[in-house]
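See structure below.
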Amino acid sequence: MSDDHNAAAMRFIFEAGVLKRAARTGWWFAGVKHPESIAEHSHRTALIGMVLAAMEGADPARVTMLCVLHDTQETRITDVPHIAKRYLTAVPNATVTADQVADCPPAVIDTITAAVAEYEAGETLEAIVARDADKLECLVQAVEYRHQGVNNVQRWIDSSRAALKTASAHRLADAALTGQPLAWLTPPRQPEGH
């Protein structure tokens, strides 16, 4: 492997770090002053994807990888809010990804471009589950913002829920909508005699 390949792989890694500082801009319309970052969204999307994959019989590792990569293009095209997509045309995510990894080691190029192409096509069980994880994470974030006093989140809940495909994602959405975001702070009840 050449030094150029190593440098290109590191450029991709550095570029991905931008996602830690880039905001999910659609939340500004709901009145969230300091919304989550794209990396924060992608992290929980990957966790949700792993859970959904287990529930749906998909490959959890593959789903998690698709989730981690699903918004990496936003380092270059930013997080374009839904309403802006009416007026803007961006190149396909696969094209952005190809540019991002162009000089990486061939195995890195193949791995990343195949995963992004699979996610974008949305045809495999793993891609369907990963896409559900993305929508479910948005719904969960909206529920959390609502519990924090942001009232204008219903449209995010409705559109996210309407996009869900798997039965497991629908069940988790129901649990999110009826649950309390901080319920995990209460320890579970111990059986009698312990």
Side-chain angles (χ1 to χ4, degrees), residues 12-27 30 32 34-75 78-79 82 93 97 100 108 111-148 150 153 156-188:
F12 177 71
I13 292 166
F14 280 135
E15 182 176 341
V18 170
L19 299 173
K20 297 193 304 182
R21 298 182 299 278
R24 298 258 298 160
T25 57
W27 294 119
V32 178
H34 302 290
E36 64 177 334
S37 73
I38 296 166
E40 290 166 327
H41 162 71
S42 294
H43 175 262
R44 188 159 57 182
T45 298
L47 291 172
I48 292 170
M50 182 175 41
V51 169
L52 280 177
M55 294 171 76
E56 287 290 320
D59 177 353
R62 184 74 180 172
V63 170
T64 301
M65 181 170 67
L66 298 181
C67 291
V68 167
L69 293 169
H70 86 282
D71 278 342
T72 52
Q73 306 79 17
E74 292 182 8
T75 59
T78 73
D79 177 39
H82 184 71
N93 281 343
T97 298
Q100 289 175 311
V108 172
T111 298
I112 293 173
T113 57
V116 169
E118 180 180 352
Y119 180 87
E120 293 300 322
E123 295 172 356
T124 65
L125 177 59
E126 286 72 19
I128 292 166
V129 169
R131 287 168 163 264
D132 270 6
D134 176 39
K135 297 303 181 188
L136 187 56
E137 200 289 324
C138 184
L139 182 146
V140 169
Q141 186 63 64
V143 168
E144 288 175 335
Y145 283 146
R146 185 169 61 193
H147 278 270
Q148 294 167 13
V150 179
V153 297
W156 283 266
I157 291 171
D158 294 343
S159 65
S160 296
R161 191 168 194 184
L164 298 175
K165 305 277 189 240
T166 64
S168 298
H170 283 283
R171 288 192 306 273
L172 290 178
D174 290 343
L177 292 168
T178 59
Q180 293 292 322
L182 295 179
W184 61 270
L185 288 172
T186 304

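- Here the closest heavy-atom approach between residue W156 and residue G26 is recorded as CZ2-O, 3.2 Å.
- Distance CG/L164 to OG/S159: 10.0 Å, rounded to 0.5 Å.
- Contact annotation: the side chain of D71 never approaches that of D79 to less than 4.5 Å [non-hydrogen atoms, C-beta and beyond].
- Counting heavy atoms from C-beta outward, T25 and T78 have side chains that stay 4.5 Å or more apart.
- Between atom CG of residue L136 and atom CZ of residue R171 there is a gap of 12.0 Å, rounded to the nearest 0.5 Å.
- With rounding to the nearest 0.5 angstrom, the CG atom of L125 is 13.5 Å from the NZ atom of K165.
- With hydrogens and angles disregarded, no donor-acceptor distance shorter than 3.5 Å links the side chain of R44 to the backbone of C138.
- Rounded to the nearest 0.5 Å, atoms CG (L172) and CG (D132) are 10.0 Å apart.
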Run the side chain to side chain contact (heavy atoms under 4.5 Å, CB included) test on T111 and M65 for me, step by step, so that the C-alpha distance in whole Å, both residues' side-chain angles and the decisive distance to 0.1 Å come before the verdict.
CA-CA 10 Å; T111 298; M65 181 170 67; 4.0 Å; yes
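- D158 contributes atom CG, which lies 9.0 Å from atom CG of L139 (distance to the nearest 0.5 angstrom).
- The shortest distance between side-chain heavy atoms of L177 and R146 falls below 4.5 Å.
- Here R62 pairs with E118 in a salt bridge; the nearest charged N to carboxylate O distance falls below 4.0 Å.
- Nearest heavy-atom pair, A176 versus V140, reported as atom, atom and distance to 0.1 Å: CB-CG2, 4.1 Å.
- In this structure, the side chains of H43 and E36 stay at 4.5 Å or more apart for every pair of heavy atoms.
- Contact of the Y119 side chain with the N93 side chain is not registered, since no non-hydrogen atoms from C-beta on lie closer than 4.5 Å.
- Taking the side chain as every heavy atom from C-beta outward, D134 and H41 approach each other to under 4.5 Å.
- Of all heavy-atom pairs spanning T45 and C67, the tightest one is O-SG, 3.6 Å.
- Side chains of V116 and Q73 form a contact here, defined as non-hydrogen atoms less than 4.5 Å apart.
- Contact detail for A53 and V63: the closest heavy-atom pair is CB-CG2, 3.8 Å.
- Here the closest heavy-atom approach between residue A142 and residue V153 is recorded as O-CG2, 3.5 Å.
- Between the side chain of Q100 and the backbone N or O of T72 there is at least one donor-acceptor pair closer than 3.5 Å.
- In this structure, H82 places its NE2 atom where only 12 or fewer heavy-atom neighbours from other residues, nucleotides or ligands lie under 6.0 Å away.
- Taken to the nearest 0.5 Å, the OG1 atom of T124 stands 9.5 Å off from the CZ atom of R131.
- The shortest non-hydrogen separation linking P60 to A54 is CG-N, 4.5 Å.
- V108 has its side chain out of reach of F12: every pair of non-hydrogen atoms, C-beta onward, lies at least 4.5 Å apart.
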